[in-house]
Amino acid sequence: MNETRRGFLKALGLTTVGTGLGIPLLRALRPGSGTVLAQVSGPAETAPAAVPGRQWAMVVDVEKCLRDDVRAAVIEACDREHNIPRIPDPKQEVKWVWSDEYGDIFADQINAHTPAAAREAPVLVMCNHCTDPPCIRVCPTGATWKREKDGIVMMDMHRCIGCRYCMAACPFGSRSFNWRDPRPYVEHDENGKPLSDFPTRMKGVVEKCTFCAERIDEGGEPACVEALRQVPGAEGALVFGDVNDPESEVSRILSEHLVMERRPTLGTGPNVYYLVPDALPALAAAPSAGVDGNHPVSERGEVAP
Amino acid sequence: MIQNVLHGGRRYWGLLAFWGVLILIGGLAYSHQFAVGLQVTGMSRDVSWGLYIAQFTFMVGVAASAVMVVLPYYLHDHKAFGKTVILGEFLAVSSVLVCMLFIFVDMGQPRRVMNVVLHPQFHSLMFWDFMSLSGYLLLNLVIGFLAIEAERKGTPPPRWVRPFIYLSIPWAVSIHTVTAFLYSGLSARPFWMTAILAPRFLASAFAAGPSLLIVLALLVRRFGGFDVGARAIRSLGTIVTYAMAVNVFFVLVESFTAIYSGIPHDEEAFRYLFMGLDGHAALRPWTWVGDALAVVSLTGLLIPKIRHQERWLVLLCGGVFASLWIEKGLALVVTGFIPSPLGIVTEYAPTAPEIAITLGVYALGGLVLTALYKLVLNVREKTQLA
Amino acid sequence: MTSRSRIALGLGVFFLLGAYPVWNGLASSADPERPELARAVDSAGATGCIEDTTWMKANHQKLLNEWRTSVVRDGQRTWVSSTGTSWDMSLTGTCLKCHANTETFCTRCHDYADVQPTCWNCHVVPEGGQSEGGQSHE
Amino acid sequence: MNVLISLLLVAGLFAVGMFGPGVTPAWVFAVALPYAAVTLFVVGLAIRVMGWAGVPVPFRIPTTCGQQKSLPWIRQQRLENPSRKIHVLGRMALEILFFRSLARNTRTELRKDRGLVYGTDLSLWAGAMAMHWALAVVLLRHLRLFTEPVPAFVTFTEKLDGFLEIGLPVINVSSVVFLCALLYLLYRRLAHAHVRYISLPEDYFALFLLLGIAGSGIWMRHLSHTDIAGVKELAISLVHFSPTVPVGIEPLFYGHLFLVCVLLVYFPLGKLAHAPGVFLSPTRNMANNNRAVRYVNPWDYPVKVHTYEEYEDEFREKMIAAGLPVDEE
């Protein structure tokens, strides 16, 4: 009797300790969760341990990006910069930044009365560089990780084993897999060279938008943002900056406007924000998009077979 | 002892040759896939996991089900399972092997497979799955071989394996739980994100695995002249019955939550399965056939008079196995990707190379299983003669 | 045929197989000498390589590996050589600026040693160089 | 003691190889010794094997362990009890490629209740298989240093062996397996009292020699990154019989090379000659068909017999004279 009683108490104690340990353990299993808590738990200056580093963010001005040429310039710049292959089969496409329908991207935020034109309005989408990214949580090799210094969700194409778990985990469909060798589908110049020095990928790895980390490391800005400087009237269509810096343009926009982010209820904390026009009719009135997602047709060079 | 696998009649070698041909075809298909990439499969940007991962998930269940003979035998001293235990353990060995191969053939960069160990990420369930599967393979290999070696020598197995046998019991539960967590922790996929996934996996595993074991045991009796005993078959039948009942209940519970709550994301997957979505309904016939099989088999199993007749039992077990294969090995993984996070329904159908590789992997498991069972049979034959 | 002669025959076949490199060498017309590597093309009057040749010959693969980790994973792009010079850690940006012709610099020696690095599956050889382009890595 | 002698011997030889080239002209260790070693290997092996070939095997003495060919309805175990050449071939192939007899009852145990029981030493079999097969792959891979252009089968072997992308240069699976298997075989000799009891210095010597070669090879590939082009230049010049010794190859390479030379010379002399020996095992390489086939003993010279008739012919007169009875008058 005594024995079983003691055993029971011991078990009870162990269970309590186990539960007590278990919850923080589970939390610890989620990388980056600390950052979320820190952000939620009040002003950063009161918690010295939680002084946030840099967190790059992008604000997409949906209204300005309704113009076909603006979106085309963005996608074109990205494609060229990163030697993104143009694979005809939509099932095997590689997309870093592309445009999709408003109704699909913000499916939670439309209703039965949203005009069809608004539902079908094109919106630019890319990797959200989430504050608590589920893709990183699941990656078995650390091939994708969040840079501590500036919050970019990076991809190490040298380490990726191509298990595609991150694609299953990403709630935004931002990740593409190289189902085949992309080289033959990368745009080449007349010498048969890809347009950029950016390494093409090999088959069997996952890739996605990196906010042009390699340019940022050299003090530059993302290629898409830079490209828009050449497009008249596109100022502010994409604004890139440090969301943790209260002085930045991004912070200013976020504090002055109501912005949307994709699927906020999932708690991933996207860092791509959408500045939506005040009135929906503006969207509805916009010329309907002739862009079906990836790679707008423009006067670009031939694609090698 | 292992040279015993070379002793066999024409039928045995014929079976090995049959597996060999399938392995060869699968191997050729895989070398093609290795050369040109996963483009040869039917998977896509939206449905990024397909037949391979689905078979992996299903076979983890079959592997875990060995616990259903090990546990009653070692923990409850259920003597009837004395002759079945080794069959269960070797079934686990070959199933885990199949699981690992399915993961391997699904990889985009198979040469980098060791990165999982070289750069371990403790927050990734994939890492834990890798660990638990390897551990389980090792456990069952060691336990199985020591048991059969001991039997051959006519001595009890060494005492130090006892703790490993006990360890293999929770370990079996863990492999399928971890596999379920692989899915159920993804907020992006509401179809999988349910706490009942792990229990459901275990229930379906404990129905599918023992079903297969019953069929295998009867085959071994018919062609190998080795009888595990009617009592063992009967006990296994009972296990299948209860596990299947629990599984059906879990599925109903899950369906209720998703459908009654009416949350579009949760509901859409079920609508796709049973009715089709946006004009896409590739899985609809499978779903209905699978569910019909499940209901009919379960009904039959629940009637003791039918269940206790071996002819019927085999049929019912086949039905249970097929329905669970449709549920887990076909519908579960693909439906998780439908619709995509952007609301698009992309359908998936495996291609010929994909099916060839899948059959090749199964054939490799079949080959290993055949050889291991032959080992058991040869040892039994000799000890019975002696 | 006695077993003695059969054994002698077997032994002879074994020795013949073992001498494969010899008769393979007699049969092949290829130059067995170590290949001459193209000297670096000095683009901007650069003062030699980042480290001395012997060290580079032995350790270039390790160095590139470290650079890769540093650039991709740590975002750290500057590397200081043993002589105290700073370099941008970049295969295309630094190495290939001088060793522009990968065909005569990299491939020749790698072929001789039968080593197939996977660099060029992804990395782009800049203007003036040669690469196998689009070749898969098997 | 045996262990220490062998270890010191191998270490000494290694040191000779490493530091020898520093004090002798370069061609001694790079050219003369390899040529000499290969010559001694060929001659030694030929003498050893032909010596065996000259030993008469007058009887068929296959060791069998299964059902012999018998009545048509009794199934013969062809591999255990071969009756035809093709069966023998199968049996020998399994023996040579898969060390089948090693997977048999190689472990005995004395039990109170059951007496002597036989079991399989699976780890010995696995260790031996791993070591030999890995060695075969390693040797095949080394052909890249002796051929130009490198044949496709060598490249293919290398690619398969380096399938797992670990490290740079890629760690070959065969290297790891070879080293681990050797270490296990050494451990087995040291740890099991009864194996240690029967181990001679020679047993350890072979193991340490192989370990030294493997270790130095792995070190050169992964740690010191030896000048592979220089090594290939030397190797290829040797097989082209136009020796040139490139400068700047590290001493470690000469240590490696010298141990290989020692191995080549030693190979025909000691226990390592089990490699050709296995082909000549009379208990395995014969069909058990003594009663089915009539074998004429090759040493069956015509025996000189002297029959009674001849005897009588020879001594008839004397016999008659002596009054002895004779068959024919």
Side-chain angles (χ1 to χ4, degrees), chain A residues 28-32 87 89-95 100-101 103-105 107-108 125 134-143 145 156-182 202-206 262-263 265-268, chain B residues 33-50 53 103-104 106-130 182-183 185-190 192-193 264-265 333 336-337 339-344 346-348:
Chain A
L29 277 179
R30 300 175 38 191
I87 294 167
D89 181 358
K91 281 184 157 188
Q92 303 193 347
E93 259 181 321
V94 173
K95 302 193 262 194
D100 231 308
E101 293 179 5
D104 285 339
I105 295 166
D108 294 347
V125 280
C135 51
I136 287 169
R137 205 180 302 152
V138 300
C139 179
T141 62
W145 76 102
D156 183 350
M157 257 77 80
H158 300 101
R159 190 181 286 181
C160 174
I161 60 172
C163 70
R164 310 189 294 293
Y165 197 7
C166 55
M167 294 175 78
C170 176
F172 309 104
S174 297
R175 290 175 161 265
S176 305
F177 181 69
N178 285 283
W179 298 99
R180 59 182 74 201
D181 180 13
M202 68 205 299
K203 65 169 190 281
V205 295
V206 171
R262 293 172 69 189
R263 309 188 75 174
T265 51
L266 296 186
T268 67
Chain B
Q33 179 187 298
F34 186 77
V36 304
L38 285 161
Q39 58 166 304
V40 301
T41 68
M43 291 183 269
S44 60
R45 206 178 177 283
D46 284 337
V47 186
S48 47
W49 280 344
I53 294 293
I103 292 278
F104 182 78
D106 187 65
M107 286 174 59
Q109 281 290 326
R111 294 187 60 190
R112 299 183 184 162
V113 59
M114 293 319 280
N115 279 6
V116 178
V117 188
L118 295 175
H119 309 284
Q121 304 291 314
F122 302 115
H123 46 71
S124 171
L125 266 306
M126 190 84 88
F127 168 78
W128 293 108
D129 216 17
F130 192 90
L182 209 64
Y183 297 102
L186 302 182
S187 62
R189 312 285 168 188
W192 298 334
M193 206 184 72
H265 264 310
V333 170
F337 292 98
S340 80
L342 288 164
I344 292 149
T346 310
E347 282 208 296
Y348 162 83

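We name chains A, B, ... by the order of the sequence lines, and we start the count at 1 in each one.
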Participant: Do A/T141 and B/N115 have side-chain atoms, one donor and one acceptor, less than 3.5 Å apart?
Facilitator: no
Participant: With only heavy atoms counted, which part of A/A107 is less than 4.5 Å from chain B, the side chain, the backbone, both or neither?
Facilitator: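 For A/A107, there is no contact with chain B at all, as no heavy atom is under 4.5 Å.
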Participant: Please state whether the side chain, the backbone, both or neither of B/L186 comes within less than 4.5 Å of a heavy atom of chain A.
Facilitator: side chain
Participant: Heavy-atom cut-off 4.5 Å, strictly under: side chain, backbone, both or neither for A/C163 against chain B?
Facilitator: both
Participant: Which answer fits A/S174, side chain, backbone, both or neither, if we ask what part of it has an atom under 4.5 Å from a heavy atom of chain B?
Facilitator: backbone
Participant: Need one label for A/F172: side chain, backbone, both or neither, based on atoms under 4.5 Å from any heavy atom in chain B.
Facilitator: backbone
Participant: A/R164: which residues meet the salt bridge (charged side-chain N to carboxylate O under 4.0 Å, His left out) condition with it, sequence neighbours left out?
Facilitator: B/D106
Participant: Parallel, tilted or perpendicular: which one describes the rings of B/F337 and B/W192, with boundaries at 30° and 60°?
Facilitator: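 Perpendicular: the ring planes of B/F337 and B/W192 meet at over 60°.
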Participant: List for me each residue that meets salt bridge (charged side-chain N to carboxylate O under 4.0 Å, His left out) alongside A/R175, sequence neighbours excluded, and say none if there are none.
Facilitator: none
Participant: Heavy-atom distance under 4.5 Å to chain A: side chain of B/I53, backbone, both or neither?
Facilitator: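 For B/I53, there is no contact with chain A at all, as no heavy atom is under 4.5 Å.
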Participant: Chain A heavy atoms under 4.5 Å from B/S48: which part of the residue, side chain, backbone, both or neither?
Facilitator: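 B/S48 touches chain A through backbone and side-chain heavy atoms alike.
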Participant: To the closest 0.5 Å, what do you measure between OH (B/Y348) and OG1 (B/T41)?
Facilitator: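 Nearest 0.5 Å value for the OH-OG1 distance: 6.5 Å.
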